[in-house]
A.B. asks: 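If you scroll down you'll find the structure; I have some questions about it.
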Amino acid sequence: MIEFASPEMQQYLRRRDMSAILMTELDFESGWLRCHSGVGDAIWQEHTFKGTGVLGKVGAVKQGSKVQPHRLRFTLSGIPKELAAVALGEKYQNRHGALYLAALDPYSNIVAVDTLFAGRMDVMNVRIANPSTIQLDLNSRGVDWKNSRNRRYTHADQISRYRDDNFFEFVSQMAEKEIHWGVPGKVVGGSGGSNRGSGRTQRMK
């Protein structure tokens, strides 16, 4: 039942005097939003998570051995119309979000935390009413792998973004290198084409 949790978390959850809550933190441009599934405030790493109680809902967290994209949906209902309207102006897409499982001791102190899901915020649906409802989807990083990129792993592309970063400076030369590893008398690490036989080559003995 609790295979998704770490061994430490499983030990805590098997104890009768322990309880658990779900915590989430979302990196909105206006600031972090931190809340949890219980009531009152919960403190973790000097951050305060506000309790949402029955007003908050978290979709099923899917796991698997295959590398594939996953999506997690948060729902917050019963909120005032004015607060829901504020959410419409927030900038959030592609910003960080995470869901945690926390174990609480008998004094409601957080003693262990596991990360259940981490990704980037995608789409937020806001239903303005009285009360209002907000749904927010969080995508795993696997979703990014399906999106095309205009970047290239070349020296010119790298310095266009990071001027002093020469990490890819010799990539094009490496692609043309001629290497005969483990063959006596053959060139090792020598350059191909017109540069063959330069002073930088070595021969196997």
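Counting from 1, the numbers follow the sequence of the chain as shown. Values below: all heavy atoms of this structure, side chains included; hydrogens, waters and symmetry mates excluded.
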A.B. asks: Give me the ring orientation class for F49 and W44: parallel if the planes are under 30° apart, tilted from 30 to 60°, perpendicular past 60°.
C.D. replies: tilted
A.B. asks: Is there a side chain to side chain donor-acceptor pair (under 3.5 Å) between D114 and S6? Walk through the geometry before answering.
C.D. replies: CA-CA 7 Å; D114 278 1; S6 66; 3.0 Å; yes
A.B. asks: When you look at Q158 and Y153, which way does the side chain to side chain donor-acceptor pair (under 3.5 Å) test go after all the steps?
C.D. replies: CA-CA 7 Å; Q158 187 70 5; Y153 295 107; over 6 Å; no
A.B. asks: Does L104 form a side chain to side chain contact (heavy atoms under 4.5 Å, CB included) with I21? I'd like the steps, not just the answer.
C.D. replies: CA-CA 8 Å; L104 306 178; I21 57 173; 3.8 Å; yes
A.B. asks: Within this structure, what is the CZ-CG distance for the pair R34 and D41, rounded to the nearest 0.5 Å?
C.D. replies: 13.0 Å
A.B. asks: State yes or no: do L99 and L101 share one hydrophobic cluster built from I, L, V, M, F, W and Y residues joined by side-chain heavy-atom distances below 4.5 Å, directly or via other members?
C.D. replies: yes
A.B. asks: Hey, could you give me the NE2/CH2 distance between H96 and W32, rounded to the nearest 0.5 Å?
C.D. replies: 5.0 Å
A.B. asks: What distance do T24 atom OG1 and L33 atom CG have between them, rounded to the nearest 0.5 Å?
C.D. replies: 7.5 Å
A.B. asks: Supply the atom-to-atom distance E29 CD to E90 CD, rounded to the nearest 0.5 angstrom.
C.D. replies: 7.5 Å
A.B. asks: Quick check against the 3.5 Å criterion: does R73 have a side-chain atom that pairs as donor or acceptor with the backbone of D137?
C.D. replies: no
A.B. asks: Under the side chain to side chain donor-acceptor pair (under 3.5 Å) rule, collect the residues that match up with D17, sequence neighbours excluded.
C.D. replies: R15
A.B. asks: Among T133, L136, I134, find the one that has a side-chain contact (heavy atoms from CB on, under 4.5 Å) with T75.
C.D. replies: T133
A.B. asks: Does one side chain, of N139 or R120, offer a donor that lies under 3.5 Å from an acceptor on the other?
C.D. replies: no
A.B. asks: Can you list the residues that meet the side chain to side chain donor-acceptor pair (under 3.5 Å) rule with D157, with sequence neighbours excluded?
C.D. replies: R151
A.B. asks: Just do the side chain to side chain contact (heavy atoms under 4.5 Å, CB included) check on L138 and R71 with the steps written out, would you?
C.D. replies: CA-CA 6 Å; L138 200 65; R71 176 170 295 171; over 6 Å; no
